[in-house]
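Numbers restart at 1 for each chain; the letters A, B, ... are given by sequence-line order, proteins then strands.
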2 protein chains.
Amino acid sequence: MIRLFERIIGMADENQMTCCRMTLAQCHALVEVGRTKDISLNQLSQMLELDNSTLSRTVNNLVVSGLAERYEDPNDRRYIKIKLTEQGMMNFHAIEETMNTYYETLFQMIPEEKRDQVIDSIHILNEVGSKIMCCVKEKKNEE
Amino acid sequence: MIRLFERIIGMADENQMTCCRMTLAQCHALVEVGRTKDISLNQLSQMLELDNSTLSRTVNNLVVSGLAERYEDPNDRRYIKIKLTEQGMMNFHAIEETMNTYYETLFQMIPEEKRDQVIDSIHILNEVGSKIMCCVKEKKNEE
DNA sequence: GAAATAAATTTGCATATTACAACTATTTTA
DNA sequence: TAAAATAGTTGTAATATGCAAATTTATTTC
């Protein structure tokens with residue numbers, strides 16, 4: 001039972017890794033910037049739950065690769081904002097499409113009479129998972 | 001829909017990371033050795049789909065930390081076998097328990113009348129996911 | 001208004017991961 | 001028996017990660 005769930009996760013991870021010769025960390029950063037459009041480095045590190053220094057370097061790699069740009073926030077010059085270049089947007093869309101294709105294929109291969117059930121179950125798992133994460137985060141804050 | 005699924009995966013990953021101050025790669029290696037009991041480095045790198053050199057170093061870190069031992073295969077002296085130390089087994093069990101606790105909590109929080117449905121859905125997802133992976137791996141072999 | 005404090009980012013430092021290539025020792029093949 | 005194949009280790013280079021320190025900018029305190 002538990003092993004099955006772990007396998008499902010592993011398979012989805014494997015598909016995500018099939019991305020444009022980029023590392024996973026760069027993927028995560030690129031996708032987050034692509035979805036949020038305009039984000040400060042501070043926000044990005046909070047979203048990805050990584051240290052600022054880590055994100056600073058990862059973003060630097062994206063910038064060097066021509067996938068992202070850094071610019072100064074006009075309202076507060078301490079802040080660096082990050083946005084994707086045209087090339088970066090192309091990579092972002094490629095990644096999103098790869099994942100969309102995987103999940104679409106996944107759901108199309110589910111027997112038709114079971115689809116609603118599977119979708120409902122995913123909603124349930126998400127809701128329950130969120131509750132567990134709330135408890136975990138409360139414990140972290142207490143420590 | 002797709003975002004929901006991604007969130008579920010993210011949450012399970014986050015729980016797996018709550019491991020004994022070890023890195024994720026070390027976790028993976030430790031768990032695989034713990035489950036397989038006695039495995040060669042070659043087999044381990046195939047299972048984890050990583051390069052031999054990578055695993056050699058990761059295992060070396062485990063050995064240095066006192067969690068694993070290397071020994072020569074009596075039947076073929078090219079082979080190095082890996083097994084966990086007592087300390088390693090303790091860490092292995094700790095990791096397995098952390099994950100078991102997470103999933104148990106997860107399923108207990110699912111409404112009782114929905115549990116069979118969710119379990120069935122997970123079986124379906126696994127089966128379908130495996131089929132997709134088969135196709136992907138056939139494509140890789142052709143390239 | 002000046003000084004102290006806080007906040008954002010970058011860089012130094014150390015450790016770890018990853019894969020390709022080269023090397024060594026052992027086993028298998030011809 | 002020599003050549004080829006195999007398993008594992010090490011060199012190399014690039015990247016990831018977090019803690020600490022440094023720099024710049026903004027906010028707060030007096």
Side-chain angles (χ1 to χ4, degrees), chain A residues 10 13-14 16-33 36 38-83 91 140, chain B residues 13-14 16-33 36 38-83 91 140 143:
Chain A
D13 274 352
E14 216 171 307
Q16 200 175 13
M17 297 283 291
T18 319
C19 301
C20 326
R21 282 162 285 130
M22 288 165 62
T23 65
L24 190 62
Q26 288 173 10
C27 258
H28 284 162
L30 189 91
V31 165
E32 209 55 61
V33 177
T36 325
D38 236 355
I39 188 169
S40 77
L41 197 118
N42 203 28
Q43 286 172 313
L44 188 61
S45 66
Q46 275 169 18
M47 291 196 117
L48 298 178
E49 297 188 338
L50 294 169
D51 192 77
N52 279 1
S53 60
T54 305
L55 260 303
S56 183
R57 292 184 175 104
T58 304
V59 164
N60 195 57
N61 287 326
L62 292 180
V63 170
V64 166
S65 306
L67 303 176
E69 285 176 346
R70 273 183 289 215
Y71 64 100
E72 198 176 77
D73 187 332
N75 299 319
D76 187 335
R77 290 180 39 219
R78 288 175 302 184
Y79 284 77
I80 293 285
K81 290 291 188 80
I82 302 144
K83 68 179 178 183
N91 281 29
K140 278 191 181 177
Chain B
D13 276 352
E14 214 172 308
Q16 200 173 13
M17 297 284 293
T18 317
C19 299
C20 324
R21 280 161 288 130
M22 288 165 62
T23 66
L24 190 62
Q26 290 173 5
C27 259
H28 284 161
L30 189 91
V31 165
E32 209 54 63
V33 176
T36 323
D38 236 354
I39 188 169
S40 78
L41 197 121
N42 203 29
Q43 287 172 312
L44 187 62
S45 65
Q46 276 169 19
M47 293 195 114
L48 298 179
E49 297 188 337
L50 293 170
D51 191 75
N52 279 1
S53 60
T54 305
L55 261 302
S56 182
R57 294 185 169 106
T58 304
V59 165
N60 196 54
N61 285 327
L62 293 180
V63 169
V64 165
S65 305
L67 302 177
E69 286 176 345
R70 275 184 286 215
Y71 65 99
E72 198 175 77
D73 186 331
N75 299 318
D76 187 337
R77 289 181 44 219
R78 286 175 302 184
Y79 284 78
I80 293 283
K81 292 289 191 81
I82 303 143
K83 68 180 178 182
N91 282 29
K140 279 190 181 177
E143 296 173 5

Task: Base D/dG8 to side chain B/Ser56, donor-acceptor N/O within 3.5 Å cut-off - done: no

Open item on the list: Once you apply a heavy-atom cut-off of 4.0 Å, does B/Leu50 come out as touching a base, just sugar-phosphate, or nothing?
Closed with: sugar-phosphate

Open item on the list: Heavy atoms only, 4.0 Å cut-off, all strands: where does A/Asp51 land among base, sugar-phosphate and nothing?
Closed with: base

Task: Beyond-backbone contact of A/Leu67 with A/Met22, side-chain heavy atoms, under 4.5 angstrom - done: yes

Open item on the list: What I'd like to find out is whether the side chain of B/Leu50 reaches to under 4.5 Å of the side chain of B/His28, using heavy atoms alone.
Closed with: no

- [ ] Identify whether any heavy atom of B/Asn61 sits under 4.0 Å from a base atom; if not, whether one sits that close to sugar-phosphate; answer base, sugar-phosphate or nothing.
- [x] sugar-phosphate

- [ ] Would you classify A/Asn52 as touching base, sugar-phosphate or nothing, given that sugar-phosphate means primed atoms plus P, OP1 and OP2, and contacts are heavy atoms under 4.0 Å?
- [x] base

Open item on the list: Should the side chain of B/Arg57 and the base of D/dG8 be counted as holding a donor-acceptor pair, with the cut-off at 3.5 Å?
Closed with: no

Task: Minimal non-hydrogen separation, A/Thr58 against A/Ala29, with atom names - done: CG2-CB, 4.2 Å

Open item on the list: Quiz question: by atom type and distance under 3.5 Å, do the side chains of A/Ser53 and A/Asp51 form a donor-acceptor pair?
Closed with: yes

Task: Side-chain donor/acceptor of B/Thr23 to base of C/dA16, under 3.5 Å - done: no

TODO: For A/Ser65 and for A/Asp76, locate the closest nucleotide of DNA chain D by heavy-atom distance; then report the residue assigned to the nucleotide nearer the 5' terminus.
DONE: A/Ser65

